[in-house]
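See structure below.
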Amino acid sequence: MPRLSEVIAALETLWPAERAESWDAVGTVVGDPDQEVARVLFAVDPVQEIVDEAVKLGADLLVTHHPLYLRGTTTVSASTFKGRVVHTLIKNDIALHVAHTNADRVDPGVSDALAGALDLRVLRPLVPDATDPEGRRGLGRVCELDHPLTVRALAARAAERLPATAQGIRVAGDPEALVRTIAVSGGSGDSLFDEVRAAGVDAFLTADLRHHPASEFMAAQTHSPLALLDAAHWATEWPWCELGAAQLDEISDRHGWDLRVHVSKTVTDPWTAHAAPGTAHPGSASRAPSDSHTPGAPN
């Protein structure tokens with residue numbers, strides 16, 4: 001079995017820490033470099049529910065997309081929920097490694113995995129990395145569909161292919177407009193509106209679209225209006241877990257490590273219910289979105 005330091009070195013080749021944004025907190029949070037690693041779990045969020053799953057699985061390493069301590073801390077006391085995460089990890093000899101914006105900017109990265117889940121062909125980064133002479137790295141992706149779809153049909157595809165959440169897929173724009181090209185960005189994407197507008201695409205699929213930026217973006221369009229598709233943050237980043245697990249599997253096979261690599265299907269999106277007009281009585285809500293998909297990652 002490989003040591004943790006060997007596995008982390010391999011992960012750093014996939015998602016180099018220097019590719020992360022300056023404000024980010026990536027890398028190994030918990031773990032003894034000399035401990036052996038046999039089983040790895042990938043997940044989006046380093047929350048207690050996921051850590052408990054890692055314990056039950058017998059994992060030696062947990063790899064998450066979101067950082068545990070993005071803004072630092074002065075305590076890891078078990079009286080805090082993040083402190084309990086640290087205590088549980090250490091008590092059970094489980095390491096934690098984070099790949100966040102460094103996984104967003106690489107090729108292939110988070111948005112490539114999102115595009116793949118939706119059967120989109122990646123053309124180029126939405127925001128190219130100026131340090132990449134080949135023009136493959138960067139934030140977001142500009143993609144094309146295999147054949148044009150209406151906005152309505154594209155939203156239905158996203159609802160079908162992405163893990164189901166209470167939110168489902170929200171749409172701004174004409175549901176019957178045709179989409180041939182689309183920009184995608186896993187996670188929060190309304191800071192990329194200028195780049196999306198310049199890309200000349202027909203639609204933009206991302207997450208966490210806020211009222212005012214979305215409203216102003218739609219109102220400012222004077223011709224060839226493009227549609228917005230807003231999915232749950234967790235759902236747009238979960239496909240990366242499968243991509244990362246497959247990449248580590250390939251590395252394990254190449255090195256003869258025989259790692260057992262798993263992807264958590266636990267839904268850690270914070271929203272748990274959605275009451276759409278006409279689908280629920282006052283005071284009640286269905287845990288599943290209005291398209292009746294069962295919450296959770298695809299089997």
Nearest heavy atoms of T150 and P175, plus distance in Å: CB-O, 3.6 Å
Separation between CG of L139 and CG of L126, rounded to the nearest 0.5 Å: 8.0 Å
E53 meets the side-chain contact (heavy atoms from CB on, under 4.5 Å) criterion, sequence neighbours left out, with L41, I50, S264, T266
If hydrophobic clusters are built by linking Ile, Leu, Val, Met, Phe, Trp and Tyr wherever their side-chain heavy atoms come under 4.5 Å apart, do L120 and I169 end up in the same one? yes
Is there a path of hydrophobic side-chain contacts, each under 4.5 Å between heavy atoms of I/L/V/M/F/W/Y residues, joining L123 to V106? no
Nearest heavy-atom pair of T236 and A231: which atoms, and what distance? CG2-CB, 3.6 Å
d(E216 CD, H211 NE2) to nearest 0.5 Å is 8.5 Å
Hey, are T165 and D269 close enough side-chain-wise for a donor-acceptor pair under 3.5 Å? no
Within the supplied structure, the quantity of interest is the number of heavy atoms (other residues, nucleotides, ligands) at a distance under 6.0 Å from R197 CZ; does it exceed 12? yes
Please say yes or no: joined through hydrophobic side-chain contacts below 4.5 Å, possibly via intermediate residues, are V30 and L57 part of one cluster? yes
Charged N to carboxylate O under 4.0 angstrom, R121 versus D146? no
Show, in sequence, the C-alpha distance, side-chain angles and deciding distance for L228 and L226, and conclude whether the side chain to side chain contact (heavy atoms under 4.5 Å, CB included) test is met. CA-CA 7 Å; L228 299 177; L226 64 89; 4.2 Å; yes
Could you list all the ring pair (Phe, Tyr, Trp, His ring centres under 6.0 Å) pairs where at least one residue sits in residues 146-172, not counting sequence neighbours? none
Please round to the nearest 0.5 Å and tell me the distance separating atom CG of D258 and atom CZ of R39. 10.5 Å
Look at the side chain of T206 and the backbone N and O of G187, then say whether any donor-acceptor pair between them is shorter than 3.5 Å. yes
Pairwise ring pair (Phe, Tyr, Trp, His ring centres under 6.0 Å) hits with a residue in residues 160-206, at least two apart: F193-F217
Would you call the rings of W257 and H255 parallel, tilted or perpendicular if under 30° counts as parallel and over 60° as perpendicular? parallel
Heavy atoms, side chains only, cut-off 4.5 Å: are P163 and V267 in contact? no
Transitive ILVMFWY side-chain link V47 to Y69, under 4.5 Å: yes
Nearest atoms (heavy-atom pairs only) where A95 meets G31: CB-CA, 3.8 Å
With H87, which residues qualify under ring pair (Phe, Tyr, Trp, His ring centres under 6.0 Å), at least two apart? none
CG of D249 to NE2 of H262, rounded to nearest 0.5 Å, is 9.5 Å
Under a 4.5 Å cut-off applied to non-hydrogen side-chain atoms, are L96 and T28 in contact? no
Considering non-hydrogen atoms only, spot the tightest contact between T181 and G200 and give its length. OG1-O, 4.0 Å
Has the side chain of D230 got a donor or acceptor atom that lies under 3.5 Å from a matching backbone atom of L209? yes
Close side-chain approach of R157 and D119, heavy atoms under 4.5 Å: yes
Rounded to the nearest 0.5 Å, what's the gap from NE2 on H97 to CG on L61? Could you check? 8.0 Å
Under a 4.5 Å cut-off applied to non-hydrogen side-chain atoms, are L11 and L248 in contact? yes
Between L114 and L162, is there a side-chain heavy-atom distance shorter than 4.5 Å? yes
Side chain to side chain donor-acceptor pair (under 3.5 Å) partners for R210, two or more places apart: D190
Contacts satisfying ring pair (Phe, Tyr, Trp, His ring centres under 6.0 Å) that involve residues 45-66 (not counting sequence neighbours) are H65-H100, H65-W240, H66-H100, H66-H233
Compare every heavy atom of Q48 with every heavy atom of F81, then report the nearest pair and how far apart it is. O-OE1, 4.3 Å
Looking at side-chain heavy atoms only, is the closest gap between V51 and L68 below 4.5 Å? no
Can you tell me if N102 uses its side chain to pair, donor with acceptor, with the backbone of R19 under 3.5 Å? no
Just wondering, do L243 and P108 contact through their side chains at under 4.5 Å, heavy atoms? yes
Let's go through V184 and C143 carefully: what are the C-alpha distance in whole Å and the side-chain angles of both, what is the deciding distance for side chain to side chain contact (heavy atoms under 4.5 Å, CB included) to 0.1 Å, and is it a yes or a no? CA-CA 8 Å; V184 300; C143 310; 4.0 Å; yes
Ion pair D107/R137, N-O distance below 4.0 Å: no
Got a second to check how far K82's NZ is from S77's OG, nearest 0.5 Å? 14.5 Å
Of all heavy-atom pairs linking P67 and D24, the shortest is CG-OD1, 3.7 Å
Whether the T268 and E49 side chains hold a donor-acceptor pair (N or O, under 3.5 Å, no angle test) is what I'd like checked. no
Do the side chains of R152 and E176 get close enough for a salt bridge, i.e. N-O under 4.0 angstrom? yes
When you measure from the side chain of D112 to the backbone N and O of G109, does any donor-acceptor pair fall under 3.5 Å? yes
Are L205 and V179 in one and the same hydrophobic cluster, where Ile, Leu, Val, Met, Phe, Trp and Tyr link if side-chain heavy atoms are under 4.5 Å apart? yes
Give a yes or no on whether the backbone of V110 and the side-chain of D104 come within a donor-acceptor separation of less than 3.5 Å. no
Side-chain (Q35) to main-chain (D60) donor-acceptor, under 3.5 angstrom: yes
Does some side-chain heavy atom of L89 sit less than 4.5 Å from a side-chain heavy atom of I94? yes
Using side chain to side chain contact (heavy atoms under 4.5 Å, CB included), reason through L4 and D32 one step at a time and then give a plain yes or no. CA-CA 7 Å; L4 175 63; D32 179 349; 5.6 Å; no
